[in-house]
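Data first, discussion second: the structure below is written as structure tokens.
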Amino acid sequence: MKTDWQRKDLLSIQDLSVDEINTVLDTAAAFKQVGKRTIKKVPSLRGKTLVNLFIEPSTRTRISFELAAKRLSADVINITATASSIAKGETLKDTALNLQALNTDIIVIRHSAAGAPHFLARLLKASVINAGDGAHEHPTQALLDALTIREKKGRIEGLNVTILGDILYSRVARSNIWLLTKLGARVTLAGPSTLVPRVFEQFGCRVTYDIEEAIRGADVINLLRIQHERQRETMFPSIGEYTAMFGLNKERFARTKPDALIMHPGPINRGVEIDSEIADCNRSVILEQVTNGLAVRMAVLFLCSGGQMSEP
Amino acid sequence: MKPLHIKNGRVIDPANRIDEVRDVFIVDGKISAKPPSDGVEVIDATGKLVAPGLIDIHVHLREPGRGDKETIETGTRCAARGGFTSVVCMPNTSPVADNTGTIAFIKQRTAEVGCVNVFPTGAISKELKGEELAPIGSLRRAGVVAITDDGNCVQNNELMRRAVEYARMFSLPVLDHCQDYNLVADGVMNEGYWSTALGLRGWPAAGEDVIVARNILLAEQADWWIHCQHLSSARSVELIRQAKKRGVKISAEACPHHFTLTDECLKTYDTNFKMNPPLRTERDREAVLEGLADATIECIASDHAPHCTYEKEVEFDLAPFGIIGLETELALSLELVRRKLLTLSQLIEKFTVNPARLLSLQKGTLSAGADGDVTIIDPDPEWTYDVEQSASKARNSPFHGWKLKGRAVVTIVGGKIVWQENRVS
């Protein structure tokens, strides 16, 4: 299988073509098979150095990238803001130039500032992978969500996907919106009007504040956490009210399509945006998303390093 | 200093309603009606425009305190190159210009190293904190031409009210950077489609409009001048337009970046497009142009805001607001004449007689006896702005590499040539 992937960086889904998205998904599907073998490691990135530069806290994404790199035989270094010279006042530019001086091949960056990966990509010869930048994008999350939907539903085109919750501050929502609309899904956004402004209609989505209506016809329901760390304080009255108005409880769940998938990028807040039992039910694919995340990240690292799919 | 004979230029002096080819003489630093007798330096201005020295009423010279960004020396050289013979500098220096000592320092440095006229403003409030009034009367005596908390905006409406009432006693206009802190919070760009797409926090137009409306009400009540700085939103322009119709003492300025660029420019996260107020939508840009065209907005100013390169080479959220603008301002504004939004006279007005009148400066005219400040403009040549060649210490311009048309070729301050194209000064 030959790919036409030409990018050294993965900064956003908005930039990607449908072909590029499908290339990542197909490559990820192949890597997923590798994860089922007894020996889970392939030599694709042997001799390459990857730095996980996590300026904003993360568990899932960092571990996923680290493991993906290790499965590809890369050398991995993890840097977090508190345990680096950034805490001593070093700028991101200087940190990055130091990493370049060490001949780093790939920098995976998570940052609270939107655009930080673009800034690094302009500055560096190394590949830059966006692992989440502020409220902008989280491209690998959208790709792993798409892989999960594709596996479960066999397609993305024509599906009704509802994204529910804090859209305004969510990079996951933005990456998902770009990806799903490019691949022909119908995207509905729902949540409190302060967190789901009408401006999102300009992205090709439907916006509604009627949660019952939003979930009724959905093939996929993607729940988002309230991003307290990015929010202004006046966005909605209380967590209790949010749960009452927009939480996916059993009563609402009962009115969804019987085969509707329940997704969540994590970390989940049980009893807030999602009822605890629903998170664990057989229609919930939350943990499969995590498994697919590893495959997607292997694919992205592989492709951005110039890999061609003959190997795994 | 030789007397000057500026020959055969198209003289545009809106204060005197002059727009015709004639000669201008400067003798002993003053405009003279009669030609000087001998020892004259002749400047051939054939095919050029001869205007009263241009005034920029909104610049940051950064001195005292941030001489690494800009100094009075470099900032005024930058002004001279851009065709400006007078600049009005903002008080957000370190220390803040809320005391007579700082004003005296600015005046002294200007006398020592400044190559154009520098008119300082004083703070409205102590340390620009918006809590207590600065010693406005003493600042007036020290020579400020207006008061402003620019960079900050007085949030306390009662304090603003008293500032306007008090400043009126000294005939000092109040200049205001219009920004409601609660509405804007930590916004870094215009709130709208692009902020949503880029995931950057929004600075809503309403955050400006609310304060413009507040200022209109307070100016009306105090019957005294509040000047709204750097209008960027359509609604603000409309508010000012309506207020002027009922005779409120309210005025406004616009910056070239706000009438040239929109928030779409931010899509590369280039921090040289980060300014405050932010670039807004095409609709807002057009409204600012309409405001300039129908004289709702009577001044054009640069909001020249130099920053060190290292300060701008950071994550977008962390970069300081502001761009330099003195060298690109005239060319970007001449575009309004080429697009027939303004006549040349109307444009020159916004750089001369209008700001002079607002701040009671004895400037902005070529009347006999006036100060010999003259800007000679060649409206035709195309040139490319290379920020690396800027006279400013700073390099933070979004117009680097832009093809521009028209520029100042000679800048004369008090009869002295302070900038001349192709001449090493």
Side-chain angles (χ1 to χ4, degrees), chain A residues 11-15 55-56 86 89-97 109 111-123 130 132-138 167-175 177-178 189 195-205 207 227 230-235, chain B residues 68 180-207 210 262-274 278-284 307-321 395-396 398 400-401:
Chain A
L11 303 179
S12 71
I13 298 291
Q14 193 187 0
D15 294 340
I55 313 291
E56 191 187 57
I86 289 164
E90 186 174 66
T91 63
L92 181 61
K93 179 183 176 184
D94 285 324
T95 302
L97 291 176
I109 179 170
H111 202 302
S112 58
H118 304 66
F119 173 64
L120 284 195
R122 269 202 302 274
L123 209 61
N130 182 0
D133 63 326
H136 176 232
E137 283 223 38
H138 192 348
I167 310 293
L168 182 60
Y169 292 97
S170 172
R171 53 193 171 216
V172 175
R174 285 172 181 72
S175 287
I177 290 166
W178 293 122
L189 307 177
L195 294 175
V196 193
R198 290 260 173 223
V199 65
F200 278 101
E201 288 170 346
Q202 293 175 46
F203 293 63
C205 304
V207 169
Q227 313 255 322
R230 270 182 274 282
Q231 268 179 25
R232 292 173 188 173
E233 280 167 6
T234 46
M235 301 309 279
Chain B
D68 53 337
D180 181 283
Y181 288 174
N182 287 308
L183 280 170
V184 174
D186 50 3
V188 294
M189 71 171 292
N190 181 49
E191 182 176 309
Y193 173 81
W194 283 104
S195 66
T196 310
L198 293 168
L200 291 169
R201 287 186 293 274
W203 190 142
V210 158
T262 65
D263 56 356
E264 186 179 351
C265 294
L266 279 83
K267 63 186 174 189
T268 59
Y269 295 97
D270 182 342
T271 57
N272 282 330
F273 292 100
K274 180 175 177 180
L279 299 176
R280 299 202 191 272
T281 65
E282 182 61 17
R283 171 76 202 94
D284 293 301
H307 292 294
C308 299
T309 301
Y310 74 85
E311 294 175 299
K312 279 285 198 180
E313 282 184 334
V314 294
E315 297 90 320
F316 195 90
D317 283 349
L318 303 181
F321 291 99
R395 297 289 178 263
N396 53 313
H400 174 60

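Every chain is numbered from 1, with letters handed out A, B, ... down the list of sequences.
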Heavy-atom closest pair (A:R174 atom, B:A197 atom, distance to 0.1 Å) is CD-O, 4.2 Å
Quick one: what part of A:R171 sits under 4.5 Å from any heavy atom of chain B, side chain, backbone, both or neither? neither
If you compare all heavy atoms of B:D317 against all heavy atoms of A:A114, which two are closest, and at what distance to 0.1 Å? OD2-N, 4.2 Å
Nearest-0.5 Å distance that lies between atom CD1 in A:I167 and atom OG1 in B:T196: 12.0 Å
Under the criterion side-chain contact (heavy atoms from CB on, under 4.5 Å), which of A:H111, A:H118, A:K93 is the partner of B:E315? A:H111
The interface call for A:S112 against chain B, heavy-atom contacts under 4.5 Å, is backbone
Given a strict heavy-atom distance threshold of 4.5 Å, which part of B:T268 is in contact with chain A: side chain, backbone, both, or neither? both
Partners meeting side chain to side chain contact (heavy atoms under 4.5 Å, CB included) with A:Q14 (sequence neighbours left out): A:S12, A:E137, A:W178
Can you confirm if the aromatic rings of A:F119 and B:F316 lie within a centre distance of less than 6.0 Å? no
Spatial distance of atom CZ (A:R122) from atom CD (B:E313) [nearest 0.5 Å]: 10.0 Å
Would you compute the distance between atom OH of B:Y269 and atom CG of A:D133 and round it to the nearest 0.5 angstrom? 5.5 Å
Residues two or more places apart in sequence or in another chain: which of them pass side chain to side chain contact (heavy atoms under 4.5 Å, CB included) with B:F321? B:K274, B:N276
